[in-house]
Amino acid sequence: MPNKIIMKTPIAELDGDEMTRILWGLIKEMLILPRVDLKTEYFDLGIENREATGDQVTHDAAQAIARLGVGVKCATITSNTARQREYKLSKLHPSPNATIRAALDGTVFRRPINVSRIRPTVSTWKEPIVIGRHAYGDIYRGAEMIIPGPGTVELVYRDLQGREERRMVADMKEPGIVMGIHNLDDSIRNFARACFLYALDEKLPIWFAAKDTISQTYDGRFKDLFEEVYQQEFKERCDEAGLSYYYTLIDDAVARVMKHQGGFLWACKNYDGDVMSDMIASAAGSLAMMTSVLVSPQGVFEYEAAHGTVQQHYYRWQKGEKTSTNPVALIFAWTGALAKRGELDGTPDLVAFARTLRDASLSTIEEGNMTGDLANLSNPRPEKVLNSWEFLEKVKEKL
């Protein structure tokens with residue numbers, strides 16, 4: 001083996017849970033470590049370690065990403081009551097993704113990984129549809145309460161001088177539930193800036209969709225600030241580049257996108273982007289065929305897989321089965337992070353390696369070597385469905 005490719009600066013490596021954790025180690029062992037003198041600051045974001053550290057490890061990881069400028073993250077469990085019982089957790093820990101996104105105040109860009117053998121479910125789509133997801137606030141930093149019986153629920157704002165403003169939420173006639181959510185003007189403006197900068201870099205027209213007809217204050221604020229940033233900072237640049245900006249209601253956007261040819265950036269609020277990116281990924285082929293990168297206003301980048309931890313495959317792996325779990329999104333998280341590290345550090349060999357690994361993964365699929373999720377969609381269908389280990393061996397040979 002020739003000398004390994006040198007890295008100047010480490011990246012923050014955030015390990016994860018279940019089947020994706022198994023694949024994470026395999027990708028490093030089989031594809032990266034033999035060729036790259038890999039430098040990382042390692043953080044174990046597995047659910048057991050988050051429990052053991054009181055979730056401090058997640059905050060430490062976010063600080064490391066900000067300090068190093070680049071991070072790469074495996075998929076992690078977001079705890080619910082079933083997971084709390086399964087892993088004997090002392091409490092429901094917050095989503096690691098939400099914690100990191102809030103700490104970096106970034107925008108998540110998700111883009112389908114297209115291969116010619118996998119035709120989109122939506123026949124009109126000819127070009128990728130990129131989701132730009134605001135990554136701060138809304139329900140991901142919401143305060144929730146079970147209301148035990150009749151009473152009133154109010155929003156209360158108290159300024160630093162003690163003056164109060166109140167707004168009735170509900171006159172509860174019976175038990176129920178309530179949630180309070182928030183966002184910040186600067187975060188919304190940064191979200192808009194990130195979307196316009198990404199669109200200009202990728203030469204994509206921009207949509208922004210919300211529901212200001214119903215949420216006239218909350219969603220209306222998003223709409224107004226997005227328009228303000230566009231008019232004051234980006235309209236001239238977009239006009240020069242021939243790129244349009246278009247606002248529409250989120251339900252109208254969903255209807256339009258099903259008849260559109262693609263090739264645009266769809267900017268969404270936090271929850272909308274969460275849902276719509278999964279819809280785009282699934283309709284484009286597979287949740288495991290989607291890139292995801294968090295970009296902060298300070299130019300910090302965190303690459304991750306857009307899918308979950310593949311829980312059921314993990315249970316089968318625990319029984320000794322070699323599952324046909326698609327590792328492509330995990331590979332692309334690594335290639336994105338390594339390429340960005342190389343760009344920032346001025347190490348073209350690292351950039352070239354990352355791009356070669358990415359291309360090797362795609363050409364492996366194009367040649368008919370793929371896992372079960374893609375084999376079911378492939379035209380023509382491959383002669384053999386590969387398990388994850390076999391697929392990675394094929395990528396290794398191609399690399």
Side-chain angles (χ1 to χ4, degrees), residues 66 98 100-111 129-142 155 157 159-160 163 165 167 180-257 260 263-277 280 293-302:
I100 294 166
R101 290 165 188 163
L104 299 179
D105 191 20
T107 296
V108 178
F109 294 99
R110 290 183 169 172
R111 183 182 192 126
I129 297 169
V130 181
I131 296 290
R133 174 187 172 188
H134 188 213
Y136 177 83
D138 300 348
I139 67 170
Y140 299 88
R141 291 175 67 88
L155 281 176
Y157 165 68
D159 69 16
L160 296 179
R163 295 184 294 264
E165 182 178 341
R167 181 70 56 86
I181 63 174
H182 80 282
N183 225 292
L184 302 173
D185 284 1
D186 281 349
S187 183
I188 298 169
R189 290 190 181 99
N190 284 334
F191 165 50
R193 292 185 184 108
C195 288
F196 287 118
L197 288 170
Y198 183 96
L200 285 165
D201 189 52
E202 297 291 329
K203 298 179 175 55
L204 296 171
I206 310 104
W207 294 11
F208 176 53
K211 192 67 173 176
D212 65 298
T213 52
I214 302 300
S215 179
Q216 296 177 353
T217 300
Y218 198 97
D219 282 28
R221 188 65 171 166
F222 271 85
K223 176 186 176 182
D224 292 346
L225 291 177
F226 220 98
E227 181 69 22
E228 171 193 297
V229 169
Y230 172 63
Q231 293 290 344
Q232 295 181 3
E233 301 179 34
F234 290 99
K235 185 178 188 305
E236 185 175 335
R237 293 171 65 183
C238 288
D239 288 346
E240 290 175 357
L243 301 179
S244 60
Y245 166 61
Y246 174 73
Y247 173 80
T248 187
L249 296 173
I250 186 69
D251 43 345
D252 288 342
V254 171
R256 286 174 178 269
V257 78
H260 203 278
F264 63 93
L265 170 64
W266 182 2
C268 295
K269 290 170 54 195
N270 207 345
Y271 179 77
D272 295 340
D274 192 356
V275 175
M276 296 308 163
S277 63
I280 296 295
V293 56
L294 176 71
V295 183
S296 84
Q298 293 75 34
V300 171
F301 299 81
E302 184 232 24

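Everything quoted here is computed from the prediction, not taken from an experiment.
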Residues Gly132 and Thr107: closest non-hydrogen pair is C-CG2, 4.4 Å

Separation between NE2 (His134) and CD1 (Ile188), nearest 0.5 Å, reads 6.0 Å

Closest non-hydrogen contact found for Ile131 with Leu265 is C-CD1, 4.1 Å

Backbone N/O of Asp219 and side chain of Asp212: donor-acceptor pair under 3.5 Å:
no

Distance col, row Thr213:OG1 vs Ile250:CD1, nearest 0.5 angstrom, shows 11.5 Å

* Asked: Is the shortest heavy-atom distance from the side chain of Asn183 to the side chain of Phe222 under 4.5 Å?
  -> yes

Item to complete: Report yes if some heavy atom in the side chain of Arg101 is under 4.5 Å from a heavy atom in the side chain of Leu294; otherwise report no.
Response: yes

On a heavy-atom basis, the closest approach of Pro205 and Gly263 is CD-O, 3.4 Å

> With a 4.5 Å limit on heavy-atom distance, are the side chains of Leu204 and Val130 in contact?
Replying inline: yes

Report yes or no: is the cationic atom of Arg221 (NZ for Lys, CZ for Arg) closer than 6.0 Å to the six-membered ring centre of Phe191, at no more than 45° off its axis?
-> no

Practice problem: Any chance you could lay out the side-chain contact (heavy atoms from CB on, under 4.5 Å) test for Val295 and Val300, step after step, and finish with the verdict? | Solution: CA-CA 6 Å; Val295 183; Val300 171; over 6 Å; no

query = Do Tyr218 and Asp138 have a side chain donor and acceptor closer than 3.5 Å?
reply = yes

request  = Answer whether the closest heavy-atom distance between the side chains of Leu197 and Arg237 falls below 4.5 Å.
outcome  = yes

Do Tyr157 and Leu155 have side chains that get closer than 4.5 Å, going by heavy atoms? no

| In terms of ring plane angle, is the pair Trp266 and Phe264 parallel, tilted or perpendicular, where the classes change at 30° and 60°? | tilted

**Report entry** Check: Arg189 and Glu228 side chains under 4.5 Å, non-hydrogen atoms
**Finding:** yes

Fill in: Derivation of the side-chain contact (heavy atoms from CB on, under 4.5 Å) call for Asn270 and Arg133
CA-CA 6 Å; Asn270 207 345; Arg133 174 187 172 188; 2.9 Å; yes

*So Tyr230 and Tyr245, would you call those rings parallel, tilted or perpendicular, with 30° and 60° as cut-offs?*
tilted

Please lay out, stage by stage, how Ser296 and Phe301 fare under the test side-chain contact (heavy atoms from CB on, under 4.5 Å).
-> CA-CA 7 Å; Ser296 84; Phe301 299 81; over 6 Å; no

To the nearest 0.5 Å, atom CZ of Arg167 lies from atom OG1 of Thr217 at 6.5 Å

For Ala135 and Val108, the nearest pair of non-hydrogen atoms, with its separation, is CB-CG2, 3.9 Å

Looking at Phe208, I'd like to know if the NZ or CZ of Lys223 sits under 6.0 Å from its six-membered ring centre while staying within 45 degrees of the ring's axis.
no

Distance col, row Leu225:CG vs Ser187:OG, nearest 0.5 angstrom, shows 10.5 Å

Heavy-atom closest pair (Ile206 atom, Cys238 atom, distance to 0.1 Å) is CD1-SG, 4.3 Å

Taking the basic N atoms (NZ, or NE/NH1/NH2) and the acidic carboxylate oxygens, is any pair closer than 4.0 Å for Arg256 and Asp252? no

One should read off an interatomic distance between Phe234 CZ and Leu243 CG, to the nearest 0.5 angstrom, of 12.0 Å

Practice item. Please check if the side chain of Asp272 supplies one atom and the backbone of Cys268 the other of a donor-acceptor pair under 3.5 Å. Key: no

Quiz prompt | Stepwise side-chain contact (heavy atoms from CB on, under 4.5 Å) check, Lys211 with Asp251 | solution = CA-CA 8 Å; Lys211 192 67 173 176; Asp251 43 345; 2.9 Å; yes

Closest non-hydrogen contact found for Ile181 with Gly142 is CG2-CA, 4.2 Å

Original post:
Does a donor on one side chain and an acceptor on the other come within less than 3.5 Å for His182 and Tyr136?
Top reply: yes

**Item:** Ser277 side chain to Asp274 backbone, donor-acceptor under 3.5 Å
**Value:** yes

CE (Met276) and CD1 (Ile129) are apart, to the nearest 0.5 Å, by 11.5 Å

